[in-house]
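Report on one structure; see the data block that follows.
Keep in mind that this is a model prediction, so the values were computed, not measured.
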Amino acid sequence: MVGWYRDTVETLYGEEQIAARVRELGAAISRDYHDKDLVLLCVLKGSVLFAADLARAIDIPLRLEFLGVQSYGDDIKSSGVVQITLDLTRPIEGEHVLVVEDIVDTGLTLDYILSTLKTRNPASVRVCSLLHKPARMKKQVPIDYLGFTIDDVFVVGYGLDWAQKYRNLPEIGVVKGT
Ligand code: 5GP
């Protein structure tokens, strides 16, 4: 693929690297949940490409759910004020939920999601995040399965946006000049 974005985005993780890591995460999740009913909870919108690939890398039955959240702030910073814009279609009481996140930056969004989910009495809640920026962590949140740890840079692609653009990049990168 030539890639319309190549002039503006510098690649951090290419398609092959992402696919290999997703396969490893899928294998670990399949092993850990082989005797459990798994609910894979995709947090919209950023996790949608990751969750779609991860679901196919998981070799056990699962139920797919979506949670829409909007985190207020400017284009590149989260404020920790989170609103649920789309809720689950079914209760999760007594079920094993794996939250699929695109990136944990300050941890404020995930902290809000986890505390909201816990009020619904699931059997367990774990987290699988594609990316983690430990430098900016404000809330300690558990990440049970992690794709890549990155420096304090603003990344786009593979679901991650900048003002709603760049989500459809097949790779993860940094916008040049930012
Ligand atoms: P947190 O609440 O952990 O600070 O941020 C979580 C959300 O902020 C992510 O789900 C994502 O939507 C957005 N975010 C944080 N860092 C980045 C980044 O480097 N790139 C993009 N595109 N979004 C980010």
Quiz item: Looking only at heavy atoms, which two atoms of Cys128 and Leu54 are closest? And how far apart?
Solution: SG-CD2, 3.8 Å
Practice problem: Check whether any side-chain heavy atom of Asp102 sits under 4.5 Å from a side-chain heavy atom of Val43, and report yes or no. | Solution: no
Exercise. Could you pull out the closest heavy-atom pair between Ile150 and Val153, with the gap in Å?
Key: CD1-O, 4.2 Å
Exercise. Decide whether Tyr158 and Asp53 meet the rule of one side-chain donor and one side-chain acceptor closer than 3.5 Å.
Key: yes
Quiz item: Is there a side-chain contact between Val69 and Leu67, using heavy atoms and a 4.5 Å cut-off?
Solution: yes
Quiz item: How long is the span from the CZ atom in Arg136 to the CD1 atom in Ile103, to the nearest 0.5 Å?
Solution: 9.0 Å
Quiz item: Leu114 and Val104: same hydrophobic cluster, using ILVMFWY side-chain contacts below 4.5 Å?
Solution: yes
Self-check item: Rounded distance (nearest 0.5 Å) linking atom CD1 of Ile29 with atom NZ of Lys36
Solution: 13.0 Å
Self-check item: Partner set under side chain to side chain donor-acceptor pair (under 3.5 Å) for Glu95, not counting sequence neighbours
Solution: Arg63
Quiz prompt | same_hphob_cluster(Leu130, Phe154) at 4.5 Å side-chain heavy-atom cutoff | solution = no
Self-check item: Single hit among Leu131, Val156, Val174 for side chain to side chain contact (heavy atoms under 4.5 Å, CB included) with Leu12
Solution: Val174
Self-check item: Listed once per pair and sorted, the ring pair (Phe, Tyr, Trp, His ring centres under 6.0 Å) pairs that draw on residues 16-71, sequence neighbours left out
Solution: none
Exercise. Report the distance from atom CG of Leu98 to atom CD1 of Ile58, rounding to the nearest 0.5 Å.
Key: 6.5 Å
Quiz item: Looking at Gly107 and Val141, what are the two nearest heavy atoms and their distance?
Solution: O-CG1, 3.7 Å
Quiz prompt | From NZ (Lys139) to OG1 (Thr106), nearest 0.5 Å | solution = 10.5 Å
Quiz prompt | Test log, rule side-chain contact (heavy atoms from CB on, under 4.5 Å), inputs Ile18 and Ile172 | solution = CA-CA 8 Å; Ile18 297 171; Ile172 299 166; 3.7 Å; yes
Exercise. Count the heavy atoms belonging to other residues, nucleotides or ligands that lie under 6.0 Å from CG of Asp151, then report whether that count exceeds 12.
Key: no
Quiz prompt | Point-to-point distance, once rounded to the nearest 0.5 Å, from OG of Ser124 to CG of Leu117 | solution = 11.0 Å
Practice problem: Decide yes or no on side-chain contact (heavy atoms from CB on, under 4.5 Å) for Val9 and Tyr166, but give the supporting numbers first. | Solution: CA-CA 9 Å; Val9 177; Tyr166 298 113; 3.7 Å; yes
Quiz prompt | Neighbour count above 12 (heavy atom, 6.0 Å) for Asn168 CG | solution = yes
Quiz prompt | By side chain to side chain donor-acceptor pair (under 3.5 Å) - contacts of Glu24 (at least two apart) | solution = Arg21
Quiz item: Looking at Ala57 and Ser30, what are the two nearest heavy atoms and their distance?
Solution: O-OG, 4.0 Å
Quiz item: In terms of heavy-atom contacts, does CD of Glu16 have more than 12 from other residues, nucleotides or ligands at under 6.0 Å?
Solution: no
Quiz item: Which heavy atom in Arg6 sits nearest to a heavy atom in Lys176, and how many Å separate them?
Solution: O-NZ, 3.3 Å
Quiz item: Any chain of hydrophobic side-chain contacts (each under 4.5 Å) joining Val155 to Leu44?
Solution: yes
Exercise. Only pairs at least two apart or in different chains count here, so list each ring pair (Phe, Tyr, Trp, His ring centres under 6.0 Å) that has a residue in residues 129-149.
Key: Tyr13-Phe148
Could you pull out every donor-acceptor pair under 3.5 Å between side chains of residues 84-93 and any protein atom, sequence neighbours left out?
| residue | atom | partner | partner atom | Å |
| --- | --- | --- | --- | --- |
| Thr85 | OG1 | Gly68 | O | 3.2 |
| Asp87 | OD1 | Arg120 | NH1 | 2.9 |
| Asp87 | OD1 | Arg120 | NH2 | 3.3 |
| Asp87 | OD2 | Arg120 | NH2 | 3.1 |
| Thr89 | OG1 | Glu65 | OE1 | 3.1 |
| Thr89 | OG1 | Glu65 | OE2 | 2.7 |

Self-check item: Residues that Thr116 engages under side chain to side chain donor-acceptor pair (under 3.5 Å), provided they are two or more places apart
Solution: none
Quiz prompt | Side chain to side chain, Leu110 and Glu101, heavy atoms closer than 4.5 Å | solution = yes
Quiz item: Are Leu38 and Val127 grouped together when hydrophobic residues (ILVMFWY) are joined by side-chain heavy atoms under 4.5 angstrom apart?
Solution: no
Quiz prompt | From Leu169 atom CG to Thr8 atom OG1, the distance as rounded to the nearest 0.5 Å | solution = 7.5 Å
Quiz item: More than 12 foreign heavy atoms under 6.0 Å from CG of Asn121: is that the case here?
Solution: yes
Quiz item: Is the shortest heavy-atom distance from the side chain of Val99 to the side chain of Val125 under 4.5 Å?
Solution: yes
Quiz item: Hey, any chance Leu49 and Leu41 share a hydrophobic cluster, counting ILVMFWY side chains that come within less than 4.5 Å of each other, even indirectly?
Solution: no
